[in-house]
Structure formats: structure tokens, C-alpha cells
*Asks:* 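First the structure, then my questions, so here it is.
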Amino acid sequence: YSRNPFGFFLLLDGAFYGELNPEERIALIGHELGHLTNEEVFLVNNPDTFIRFQIEADTYATKYAEPRAMINILNKVNIT
């Protein structure tokens with residue numbers, strides 16, 4: 001919870017973040033920022049909606065990082 005209505009916290013696993021190269025870190029943070037840019041804030045309990053929001057956030061991240069960096073992160077997340 002943030003006292004600033006426009007602030008937020010991003011909690012990351014330090015070991016995982018430490019394994020990322022600089023481009024992957026940009027992609028990761030870009031992905032999370034991408035969630036904030038979605039006009040629809042409320043998620044319904046629908047797996048298709050969840051997947052769509054993840055894809056939109058991944059796409060947003062590629063504005064700031066190479067698509068390969070986002071793919072690398074997704075591969076690393078699926079391994080752990």
C-alpha cells in the first residue's frame with residue numbers, strides 16, 4: 001500500500017532480479033508498468049482475460065526493451 005495515490009511498490013525476488021541482464025530488467029519493469037497503462041483496471045475471474053492482460057503488458061514492455069529480452073524473462077520464470 002502506498003500513501004501516494006499515484007505510487008506503487010514492485011516486489012521482486014532479489015535472486016531472480018540479480019540473474020537478469022540490464023535489458024531484461026528494463027523489460028521486466030516495463031511489463032509491470034504495462035499493467036498500469038491498461039484502461040480496464042478490474043479483472044474478472046476469467047483465464048482468457050488474465051492471459052490478455054499479460055500479453056498486453058508484454059507488448060508494452062517491448063516499447064522499451066527488445067522482444068527477445070521479454071521472451072528470455074518468460075523462459076526464466078517458467079524454469080523456476
*Asks:* Is there a donor-acceptor pair under 3.5 Å between the side chain of Glu24 and the backbone N or O of Asn21?
*Replies:*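 Side chain of Glu24 to backbone of Asn21: a pair is present.
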
*Asks:* In terms of hydrophobic clustering (I, L, V, M, F, W, Y; side-chain heavy atoms under 4.5 Å; direct or indirect links), are Val77 and Leu10 co-clustered?
*Replies:*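 They do share one cluster, since a chain of ILVMFWY contacts under 4.5 Å joins Val77 to Leu10.
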
*Asks:* CG of Leu12 to CD of Glu32: how many Å apart, nearest 0.5 Å?
*Replies:*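 With rounding to 0.5 Å, CG (Leu12) is 7.5 Å from CD (Glu32).
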
*Asks:* Suppose the criterion is salt bridge (charged side-chain N to carboxylate O under 4.0 Å, His left out): which pairs have a residue in residues 54-75, not counting sequence neighbours?
*Replies:*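 Qualifying pairs: Arg52-Glu56.
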
*Asks:* Which residues pass the ring-ring contact (aromatic ring centres under 6.0 Å, His included) test with Tyr64, not counting sequence neighbours?
*Replies:*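 Scan of Tyr64 (ring-ring contact (aromatic ring centres under 6.0 Å, His included), adjacent residues dropped) gives Tyr60.
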
*Asks:* Excluding sequence neighbours, so at least two apart, what forms side-chain contact (heavy atoms from CB on, under 4.5 Å) with Ala27?
*Replies:*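 Expected list: Ala65, Ala69, Met70, Ile73.
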
*Asks:* Taking the side chain as C-beta and beyond, is there a heavy-atom pair between Leu36 and Leu33 under 4.5 Å?
*Replies:*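 They are in side-chain contact.
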
*Asks:* Does Ile71 share a hydrophobic cluster with Ile26, counting links as ILVMFWY side-chain heavy atoms below 4.5 Å and allowing steps through other members?
*Replies:*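 No, Ile71 does not connect to Ile26 through the hydrophobic network.
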
*Asks:* Could you tell me the separation between the NE2 atom of His31 and the CG atom of Leu74, rounded to the nearest 0.5 Å?
*Replies:*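 Rounded to the nearest 0.5 Å, the NE2-CG separation comes to 8.0 Å.
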
*Asks:* Just how far is it from atom CD1 of Ile29 to atom CG of Leu20, taken to the nearest 0.5 Å?
*Replies:*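 Spacing of CD1 (Ile29) from CG (Leu20) equals 9.5 Å.
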
